[in-house]
Amino acid sequence: MAIDIKVQDVARYEGQEVTIKGWLYNKRSSGKLRFLLVRDGSATIQCVVFKGAVSEEVFENATALTQESSLTVTGTVARDDRSKIGYEIQVSDLSVVQIAHEYPITKKEHGVDFLMDHRHLWLRSSKQHALIRIRHEVIRAAREFFDMRDFTLMDAPIFTPNAAEGTSTLFETDYFERKAYLTQSGQLYGEAGAMAFGNIYCFGPTFRAEKSKTRRHLTEFWMIEPEMAYCDLDQDMVVAEEFVTHIVKSVLKNRRPELETLERDISKLEKIEAPFPRLHYDEAVEILKKNGVDFEYGDDFGATDETTISEQFDRPVIVHHYPAEVKAFYMKRDPETPQFALAMDMLAPEGYGEIIGGSQREDDYEVLLQRVKEHNLPEEAFAWYLDLRKYGSVPHAGFGLGIERTVAWISGIRHIRETIPFPRTMTRLYP
RNA sequence: UCCGGCGUAGCUCAAUGGCAGAGCGGGUGACUGUUAAUCACUAGGUUGUAGGUUCGAGUCCUACCGCCGGAGCCA
């Protein structure tokens, strides 16, 4: 009796009769032979149908199979040096589940728009398969990191009544005759969690209505955001660099074949080790000046500035102490140099840009109230947030890591849209 | 929102202002070891839309639509 197996486990069944359930990835033929490349989601294996070894009906069925038809195959696992995975299956029986219609994605090249229109099918191809599995590992490792350190998972709401940093980039929705906005960040709620549990993290989708059309932007992206009570900026940076190191090491350990499928230069990832270089804003500006960049002191860094800075290092770099003027209202100012915020950004190497943004939060009630007013934010909407400073306020800090940018960097792919199953951009809402 | 590029067969692309083509995919057939198999035959077109210039427009001009890349903003 044949055993049901997953293709990835095929080596354990050499010489045995097995059954695999999958889809036809490709088919080649030569006279009385049919070579069926069958994928089952775990891996792909070549199944050889020889006319003399099967019934006439089975051979006819094998001949009639179209690309992506679903089928089950029974046969003997045999070692074969010509196979990329070392094994193939000599077919004894085969049954067709469904003959696929003409499959739109062919073995030849396709344009991005066409592939994105067929994203639901494109996910079956080897490169997309590898990317989604690396994404899974990044998320698994990220949660593992905080779980191991006894952080409590406390997710933030998606519908929010107000904005953390201005309303211009918010998606507005109808909420029973009121307005609600899709969240841009779980952070403010995370701060409530930190005061309740000490250390928490939240993980979920966030939404930005920015009219950005670059390879680093999505309108819907996933963010993991720890928030820690009794934590200052220095401790925040230590957690951030250990966190990113853990994620990279996990992907190297558990998803090496996928990195190879993507032809990632693995040696670059092997250099990622905490501590990361840290630059005060002033030092980062110095680097820009040295490289002849035209930069106005006091501004935030643009995309090309970030690339110039990160190119100086072979691992992620943390820039801290940004001018308070360009940063969010909730960030605490450095008591010794109040023109700077206790903020930090982590820039990924190889020009992948900012993957982490974080800060120590303002913990003084009067100062925070003043900031809310200065930024013309509705005071009543932030009453609950201000409460956190009235009832046992403590120094606290946190950060957010963008999953898709992290996956893009680790995978070495150019565009962020392939790092999420169904990307949402300014121009893409289908499928 | 601004700047730049592209739009021709199901897909990827050709075509000096002068007969609209190839490869892949589809169909039919050949082949006992193929690796994006190969070979032969075959079907497949309102050249993004609307105007304009011209004897003649896929090609030149104008507008619009769609997509791509970048800037700003950000993770």
Side-chain angles (χ1 to χ4, degrees), chain A residues 25-37 44-53 59 63-64 66-68 78 80-85 88 90 100-118 121-122 125-126 164-166 168-170 184-187 205-225 240 244 299-307 326-328 344-348 352-358 399-409 414-417 419-420 425-428 430:
Chain A
Y25 193 71
N26 193 16
K27 179 180 72 177
R28 294 179 282 267
S29 67
S30 178
K32 294 180 177 121
L33 288 168
R34 298 288 178 267
F35 301 97
L36 312 178
L37 269 82
T44 302
I45 191 166
Q46 175 163 282
C47 302
V48 185
V49 187
F50 174 48
K51 195 170 187 177
F59 192 75
T63 305
T66 54
Q67 193 182 356
E68 286 302 322
D80 195 304
D81 292 337
R82 290 165 294 195
S83 160
K84 277 172 193 159
I85 60 168
E88 62 180 27
Q90 287 157 353
H101 296 213
E102 190 180 329
Y103 193 64
I105 300 178
T106 68
K107 286 167 272 179
K108 272 270 183 164
E109 251 184 296
H110 295 284
V112 176
D113 194 39
F114 176 82
L115 289 169
M116 276 299 169
D117 277 341
H118 297 84
L121 303 176
W122 191 23
S125 70
S126 59
E165 356 191 347
S168 62
T169 59
L170 285 169
Q184 289 185 306
S185 161
Q187 180 207 313
T206 53
F207 307 87
R208 307 263 167 105
E210 291 156 9
K211 294 189 174 174
S212 306
K213 295 196 291 184
T214 78
R215 64 172 178 272
R216 299 182 310 280
H217 287 89
L218 298 168
T219 54
E220 179 183 311
F221 67 98
W222 288 65
M223 196 150 61
I224 187 158
E225 298 173 277
V244 169
D299 283 356
D300 206 347
F301 301 122
T304 52
D305 303 327
E306 286 180 353
T307 302
V326 300
K327 286 294 179 182
M344 61 102 171
D345 283 353
M346 186 188 292
L347 309 178
Y352 281 92
E354 187 184 338
I355 52 171
I356 280 181
F399 61 85
L401 172 126
I403 295 292
E404 288 76 16
R405 284 192 187 172
T406 303
V407 174
W409 160 51
R414 198 173 151 70
H415 206 299
I416 196 174
R417 68 187 154 214
T419 64
I420 186 166
T425 67
M426 245 180 100
T427 55
R428 167 74 50 193
Y430 175 93

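The structure displayed is predicted, hence computed values, not measured ones. Note on naming: letters A, B, ... go to the chains in the order of the sequence lines (proteins, then strands), and numbering restarts at 1 for each one.
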Please figure out whether A/T214 or A/F50 has its closest RNA chain B nucleotide nearer the 5' end.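 Closer to the 5' end of RNA chain B: A/F50.
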Has the side chain of A/T66 got a donor or acceptor atom sitting under 3.5 Å from an opposite partner on the base of B/G26?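 Looking at the base of B/G26, it does not pair with any donor or acceptor on the side chain of A/T66 (distance under 3.5 Å).
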State whether the distance check finds a donor on one side and an acceptor on the other, under 3.5 Å, for side chain A/R405 versus base B/C74. yes
Please give the distance between the [atom1] atoms of [N] and [M] as a whole number of Å.
{"N": "B/G51", "M": "B/A57", "atom1": "P", "value": "14 Å"}
{"N": "B/C60", "M": "B/U1", "atom1": "C1'", "value": "30 Å"}
{"N": "B/U54", "M": "B/U12", "atom1": "C1'", "value": "33 Å"}
{"N": "B/A15", "M": "B/A9", "atom1": "P", "value": "15 Å"}
{"N": "B/G18", "M": "B/U59", "atom1": "P", "value": "11 Å"}
{"N": "B/U62", "M": "B/G23", "atom1": "C1'", "value": "36 Å"}

Got a sec, which residues hit ring pair (Phe, Tyr, Trp, His ring centres under 6.0 Å) with [X], two or more places apart in sequence or on another chain?
{"X": "A/W122", "result": "none"}
{"X": "A/F399", "result": "A/F243"}
{"X": "A/H415", "result": "none"}

With a 4.0 Å cut-off on heavy atoms, is [X] in touch with a base, just the backbone sugar-phosphate, or nothing at all?
{"X": "A/Q46", "value": "base"}
{"X": "A/E88", "value": "base"}
{"X": "A/D80", "value": "base"}
{"X": "A/L218", "value": "base"}

If you only use heavy atoms from C-beta on, which nucleotide in [options] is closest to the side chain of [X]?
{"X": "A/S212", "options": "B/G72, B/U34, B/C74", "answer": "B/G72"}
{"X": "A/F35", "options": "B/A75, B/A71, B/U34", "answer": "B/U34"}
{"X": "A/R417", "options": "B/C68, B/A71, B/A36", "answer": "B/C68"}

Involving RNA chain B, stems made of at least three consecutive Watson-Crick or G-U pairs, both distances under 3.5 Å: B:1-7 with B:65-71, B:10-13 with B:21-24, B:26-30 with B:38-42, B:48-52 with B:60-64
Test of understanding: with side chain to side chain donor-acceptor pair (under 3.5 Å), list the residues that count as partners of [X], not counting sequence neighbours.
{"X": "A/T66", "result": "A/S69"}
{"X": "A/N26", "result": "A/K107"}
{"X": "A/S29", "result": "none"}

Which heavy atom of [X] sits nearest to which heavy atom of [Y], and what is that distance?
{"X": "A/M344", "Y": "A/A240", "result": "CE-CB, 3.8 Å"}
{"X": "A/R216", "Y": "A/A303", "result": "NH2-CB, 3.4 Å"}
{"X": "A/F207", "Y": "A/Q184", "result": "O-CG, 3.4 Å"}

Rounded to the nearest Å, what distance is computed from the [atom1] atom of residue [X] to the [atom2] atom of nucleotide [N]?
{"X": "A/K211", "N": "B/C73", "atom1": "NZ", "atom2": "C1'", "result": "13 Å"}
{"X": "A/M116", "N": "B/C67", "atom1": "CE", "atom2": "C1'", "result": "13 Å"}
{"X": "A/D305", "N": "B/A71", "atom1": "CG", "atom2": "C1'", "result": "12 Å"}
{"X": "A/E210", "N": "B/A75", "atom1": "CD", "atom2": "P", "result": "8 Å"}
{"X": "A/F59", "N": "B/C31", "atom1": "CZ", "atom2": "P", "result": "10 Å"}
{"X": "A/R215", "N": "B/C68", "atom1": "CZ", "atom2": "P", "result": "14 Å"}
{"X": "A/E306", "N": "B/C73", "atom1": "CD", "atom2": "C1'", "result": "11 Å"}
{"X": "A/H415", "N": "B/C67", "atom1": "NE2", "atom2": "P", "result": "13 Å"}

From A/R82 CZ over to A/E88 CD, what is the distance, rounded to the nearest 0.5 angstrom? 6.5 Å
Taking salt bridge (Lys or Arg N to Asp or Glu O under 4.0 Å) as the test, write out the residues that go with A/R428, two or more places apart. A/D113, A/D117
Taking only residues two or more places apart in sequence or in another chain, which ones pass salt bridge (Lys or Arg N to Asp or Glu O under 4.0 Å) with A/E68? A/R39, A/R124
A quick test of your reading: do over 12 heavy atoms of other residues, nucleotides or ligands sit less than 6.0 Å from NZ of A/K27?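 More than 12 within 6.0 Å, yes.
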Aro-ring/base stack A/F221-B/A75, d under 5.5 Å, angle under 30°: yes
Does B/G72 have its OP1 or OP2 closer than 4.0 Å to a side-chain nitrogen or oxygen of A/R216? no
Polar-atom pairs under 3.5 Å, protein N or O versus N or O of nucleotides 42-46 of chain B: list them with distances, or write none.
none

With sequence neighbours left out, what residues match A/T106 under side chain to side chain contact (heavy atoms under 4.5 Å, CB included)? A/K108, A/H110
Summarise how protein sits on nucleotides 3-11 of chain B as a single string, 5' to 3': B when a protein heavy atom is under 4.0 Å from the base, S for sugar-phosphate-only contact, - for no contact. --------S
